[in-house]
Amino acid sequence: MRRADRVALRRAAALALVLCVGTFATTCGEGAPRRPNVLLISVDTLRADHLGCYGYARDTSPRIDALAAEGVLFERAIAPTSWTLPSHMTMLTGFSISGHGVCDERLWTRHDAYGRAIPPPLRGYTLAEALQQGGYATAGFYSFEFLDPAFGFGLGFETWERCGHTFYNHPEISQQVAILRQAGDVQGLQELAAAHPELFEPRRRTAPETVAAAAAWLDAHAREPEPFFLFAHLFDVHDPYKPTPEHDRFGDPAYAGNVDGAIDNSRYGRVGHMPARDDEERLISLYDGGIRTVDEQVGRLLDHLTELGLADDTLVIVTSDHGEEFFEHGNQTHHRQLYMESVHVPLVVRWPGHVPAGARIPGTVGLVDIAPTVCDAASVRPLSP
């Protein structure tokens, strides 16, 4: 296929998402449509084919399934890569990875000869900056370090707040962590974590805190005259898989192994080092239970939107930054490959009266299409690089 043909196909795919929202936004109702509020929810590490609305047999996602029934589901949404940092930057800018230039976690530790942090090489503008310039109130609540301002995130957000894992917000411990990381002192980090276990608990569920913070922000802005853009990043589907006890319901109750949801990269994911079938099934069941746990939190935020009388005026988008592999290609988790298990993500859009309920779009779209779609629906011009 000629390069020109590939470019044309890519543009057509990008337009598919814009036209789905934009066309219905301008044809439903009389006169110019009211600019919508925008709620963008990113559920980290959520592969599409483990949701009921994408055909999964287990009841992992009743609230996301219901959202899909009320809006549009994109059957083939593709993340630009299989890990959090660059994928979220694409989601929040509308630029490909080569376009925005943020793709290396070592950005966290870059300093010049004088010890000053070097800004990340972010090129272009963010969706939040465009919406803020267009008169939107903006806020984002996130749950993992890869969305930290050190990597270029938070631009255009009046509020950009991390929830959970409180050592990042501790006035003293956060500075000690930064110093130890810059020095590459792994032992020092381990000793610091051992001294403050309550700040470093990897199994701490952060989604309830993130949703609570987002809901509180909604309470404060529900009656404001300007529309809002609210971003919520929910991390609890990510390993170590940690479903609540009531949602740990998908595995074999007779399982007697030692799989607890933690990932042992030293044992598995290499040729000849595959887990026993019952251990693999237990790992998947814990992941599925984590989806059900976070799906409940998605529902909490959607319910709060309804309680405040904002649901009909809000464009809701639920998606993910990447998926997860369970040894389909000899590996586990993500960030190692670009198979569909790792890059096929859910994309569900609801805007009552503006997008058709229950529609399914079979064509290929990407996270790169979200920002221009939101700008189109909000009648905001994307900012040029």
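The two residues Y136 and V38 have their closest heavy-atom pair at CE2-CG2, 4.3 Å. H322 approaches A79 most closely through the heavy-atom pair CA-CB, 4.4 Å. Among all heavy-atom pairs drawn from D248 and P243, the shortest one is CB-CG, 4.0 Å. Taking each heavy atom of E75 and H344 in turn, the nearest pair found is O-NE2, 2.8 Å. Across every non-hydrogen atom of V345 and G323, the tightest pair is CG1-N, 4.2 Å.
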Could you walk me through whether H233 and D321 pass the side chain to side chain donor-acceptor pair (under 3.5 Å) check?
CA-CA 10 Å; H233 169 244; D321 55 343; 5.1 Å; no
Report the C-alpha separation of T81 and S87 in whole Å, then their side-chain angles, then the decisive distance to 0.1 Å, and conclude whether the side chain to side chain donor-acceptor pair (under 3.5 Å) test is met.
CA-CA 6 Å; T81 187; S87 196; over 6 Å; no
Check against side chain to side chain donor-acceptor pair (under 3.5 Å), H88 and S42:
CA-CA 9 Å; H88 270 103; S42 175; 2.7 Å; yes
For D288 and R58, run salt bridge (charged side-chain N to carboxylate O under 4.0 Å, His left out): C-alpha distance rounded to whole Å, both residues' side-chain angles, the deciding distance at 0.1 Å, then the answer.
CA-CA 8 Å; D288 289 343; R58 288 174 170 170; 2.7 Å; yes
Step-by-step side chain to side chain donor-acceptor pair (under 3.5 Å) determination, D295 to T60:
CA-CA 8 Å; D295 179 80; T60 57; over 6 Å; no
Walk me through it: do W160 and F141 pass the test ring pair (Phe, Tyr, Trp, His ring centres under 6.0 Å)?
CA-CA 6 Å; W160 185 253; F141 300 90; 8.5 Å; no
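Distance alone, capped at 3.5 Å, is enough to place a donor-acceptor pair between the T306 side chain and the L302 backbone. Of the possible donor and acceptor atoms, none in the side chain of H304 sits under 3.5 Å from a partner among the backbone N and O of R300. Judged purely by atom type and a 3.5 angstrom limit, T244 has no side-chain atom pairing as donor or acceptor with the backbone of T293. Distance alone, capped at 3.5 Å, places no donor-acceptor pair between the T159 side chain and the A139 backbone. In this structure, D239 contributes its side chain and Y241 its backbone to no donor-acceptor pair below 3.5 Å. Of the possible donor and acceptor atoms, none in the side chain of D313 sits under 3.5 Å from a partner among the backbone N and O of P36. Distance alone, capped at 3.5 Å, places no donor-acceptor pair between the S342 side chain and the L338 backbone. Side-chain atoms of T314 never come within 3.5 Å of backbone atoms of V316 as a donor-acceptor pair (strictly under, hydrogens ignored). Judged by distance alone, with hydrogens and angles left aside, the side-chain atoms of T93 form no donor-acceptor pair with the main-chain N or O of T126 at under 3.5 Å. When atom types are taken as modelled, the side chain of T90 and the backbone of V368 share no donor-acceptor pair closer than 3.5 angstrom.
Using modelled atom types, one finds no donor on one side chain facing an acceptor on the other under 3.5 Å when comparing D369 with T373.
Put simply, OG1 on T84 and CE on M91 are 9.0 Å apart, with the number rounded to the nearest 0.5 Å. A distance of 4.5 Å separates CD1 in I370 from OG1 in T319, rounded to the nearest 0.5 Å. Here L155 contributes atom CG and T138 contributes atom OG1; the two are 10.5 Å apart, rounded to the nearest 0.5 Å. To the nearest 0.5 Å, atoms CD (E209) and OG (S143) are separated by 8.5 Å. Taking CD of E307 as the reference point, atom CG of D219 lies at 9.0 Å (rounded to 0.5 Å). Interatomic distance, E129 CD to L92 CG, rounded to the nearest 0.5 Å: 11.0 Å.
Salt-bridge annotation for D59 and R249: absent, with no side-chain N of the basic residue lying under 4.0 Å from a carboxylate O of the acidic one. Look at D236 and R205 and you find no salt bridge, because none of the NZ, NE, NH1 or NH2 atoms lies under 4.0 Å from a carboxylate O. A salt bridge links R277 to E281: at least one charged side-chain nitrogen sits closer than 4.0 Å to a carboxylate oxygen. Salt-bridge annotation for E324 and R47: absent, with no side-chain N of the basic residue lying under 4.0 Å from a carboxylate O of the acidic one. Contact check on K242 versus D260 returns no salt bridge, with no Lys/Arg side-chain nitrogen under 4.0 Å from an Asp/Glu carboxylate oxygen.
Side-chain heavy atoms closer than 4.5 Å link hydrophobic residues (I, L, V, M, F, W, Y) into clusters, and following such links, even through other members, never connects I284 to F250. Y339 and Y56 sit in two unconnected hydrophobic clusters of ILVMFWY residues. Membership requires side-chain heavy atoms under 4.5 Å apart, directly or through other members. Hydrophobic clustering (side-chain heavy atoms under 4.5 Å, transitive across Ile, Leu, Val, Met, Phe, Trp, Tyr) groups F326 together with V294. Cluster annotation: L85 and V343 are assigned to distinct hydrophobic clusters (Ile/Leu/Val/Met/Phe/Trp/Tyr, side-chain heavy-atom contacts under 4.5 Å, transitive). Hydrophobic clustering (ILVMFWY, side-chain heavy atoms < 4.5 Å, transitive): V365 and I78 are in distinct clusters.
Atom CD of Q187 is surrounded by 12 or fewer heavy atoms from other residues, nucleotides or ligands within 6.0 Å. Within 6.0 Å of CZ on R381 lie no more than 12 heavy atoms contributed by other residues, nucleotides or ligands. Around atom CD of E226, more than 12 heavy atoms belonging to other residues, nucleotides or ligands sit under 6.0 Å away.
Between F144 and F235, the ring planes lie parallel to each other; the angle is under 30°, not in the 30° to 60° tilted range.
Between H50 and Y287, the ring centre distance stays below 6.0 Å. Aromatic rings from F231 and Y142 are positioned such that their centres are separated by 6.0 Å or more.
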